[in-house]
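Reading through the structure tokens given below for one structure.
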Amino acid sequence: MSDFETVAATENQAARRGVSGEPGTPGRAGEPDRARSLAGDAWLDLRRSPVFWLSLTLVVLVAAMAAFPGLFAANDPRDCVLSRQHAPPSGGAIFGYDFQGCDTFARAVYGARASLLVGALSALITGVIALVVGMLAGFFGGWLDAVLSRVIDIVLGIPLLLAAIVLLKRVSTSGETVRLFAVILVLALLGWTTAARVVRSSVITAREQDYVAAARMLGAGNGRIMWRHILPNALAPAVVVLTIALGSFISAEATLSFLGIGLKAPTISWGIDIDAGRVHMRESATPLIVPSAFLALTVLAFIMLGDAIRDAFDPKLR
């Protein structure tokens, strides 16, 4: 029997012992002991974390608000009557009306869709770029790693908001859909560097493990090793970074819309409403406070969720 077969047989015996209840990783009370993976240990920690459940509840609530706003707000956010300007709460308008006579709460609810769409798509594109660049740089190393690392350093040195303002000036007079996707692309193309660095570090660590050497001995090519062995190990830290980045993208979109560079009316966005509420704050502060609170809670929820997942997957905290 070869050395590799001996190691494999030993691992199989150890796994069977863990399932059968012999000494191994302790299971829950009343269940046989069994070995758990890193993901299993992380999920066990997350289930016990009140921060995780609180942030997840807020994220699910905001996602439901973005997908089905009619379930949360009875009034049409575009049904604006000037005679109701700054009117106090009445009927279905629990926070009153803004300077245009629009339902303040309805606009905050419907504003979640554009903000969450920008954040989610920006994070998705960022994740794809970060995984490709980080895996190529970390797995192959050498001159490719040097070139991609310098590219990461260059993009990382560009101020995100300043570059976004310069780039989005070009599409400031374009249509609603064009501006939406322009904001998404700009944020994604400027915000992938941190995730790429995390993926690169994870890949460098994973490629030195014994299971990668064993896969090479069995004749697996680079593509199979990267897809079957390296990628699963790089996904967990990438998800943590992208969850936190999603909140940052939502905040960046609101900032750009507040400055008049990002989304514009008739799109309903928290940044647009915050800017309008700021102008008329002396007449009524509610149209400023409500979208600001929605924005702050959403960004905080994603950051808290990312922090909870990071703590659960960090072996140094065990």
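Side-chain atoms are counted along with the backbone in the values below, which use heavy atoms only and exclude waters and symmetry mates.
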Without swapping roles, check the side chain of [X] against the backbone of [Y] for a donor-acceptor pair under 3.5 Å.
X	Y	result
Arg207	Phe139	yes
Trp270	Ala108	yes
Ser55	Phe52	yes
Arg107	Asp273	no
Thr267	Leu263	no

Is there a chain of hydrophobic side chains (I, L, V, M, F, W, Y, each step under 4.5 Å between heavy atoms) that links [X] to [Y]?
X	Y	answer
Ile165	Phe181	yes
Val51	Leu61	no
Val239	Val60	no
Val132	Trp192	yes
Leu161	Val186	yes

Which heavy-atom pair separates [X] from [Y] by the least distance, and what is that distance?
X	Y	result
Ala188	Ser122	CB-O, 3.7 Å
Leu116	Val62	CD2-O, 4.1 Å
Thr104	Thr286	CG2-O, 4.0 Å
Glu253	Ser269	OE2-OG, 2.9 Å
Leu187	Leu256	CD2-CD1, 4.3 Å
Leu54	Met304	CD2-CE, 4.1 Å

If you apply the rule side-chain contact (heavy atoms from CB on, under 4.5 Å), what do you find for Leu121 with Leu117, and how did you get there? CA-CA 6 Å; Leu121 291 182; Leu117 182 63; 3.6 Å; yes
If you measure from [atom1] on [X] to [atom2] on [Y], what distance do you get to the nearest 0.5 Å?
X	Y	atom1	atom2	value
Ile152	Leu148	CD1	CG	6.5 Å
Phe249	Ser115	CZ	OG	14.0 Å
Ile184	Leu189	CD1	CG	11.5 Å
Leu144	Ser149	CG	OG	9.0 Å
Ile274	Thr255	CD1	OG1	8.5 Å
Phe258	Ser292	CZ	OG	9.0 Å

Verdict with reasoning, Leu180 to Val118, per side-chain contact (heavy atoms from CB on, under 4.5 Å): CA-CA 7 Å; Leu180 177 65; Val118 169; 3.5 Å; yes
Partner set under side-chain contact (heavy atoms from CB on, under 4.5 Å) for His280, not counting sequence neighbours: His86, Phe99, Glu283
Evaluate the side-chain contact (heavy atoms from CB on, under 4.5 Å) criterion for residues Met65 and Tyr110: first the C-alpha distance (whole Å), next the side-chain angles of each, then the deciding distance (0.1 Å), finally the verdict. CA-CA 7 Å; Met65 218 177 342; Tyr110 279 80; over 6 Å; no
Can you tell if the side chain of [X] reaches within under 4.5 Å of the side chain of [Y], non-hydrogen atoms only?
X	Y	value
Asp79	Asn75	no
Phe302	Val59	yes
Trp53	Leu46	no
Leu58	Thr298	no
Met135	Met226	yes
Ile94	Pro89	no
Arg78	Ile268	yes

List the steps, then state whether side-chain contact (heavy atoms from CB on, under 4.5 Å) holds for Asp145 with Phe140. CA-CA 7 Å; Asp145 183 21; Phe140 291 104; over 6 Å; no
With the threshold set at 4.0 Å, does a side-chain nitrogen-carboxylate oxygen contact exist between Arg197 and Asp153? yes
Does Asp103 pair with Arg84 as a salt bridge, N-O distance under 4.0 Å? no
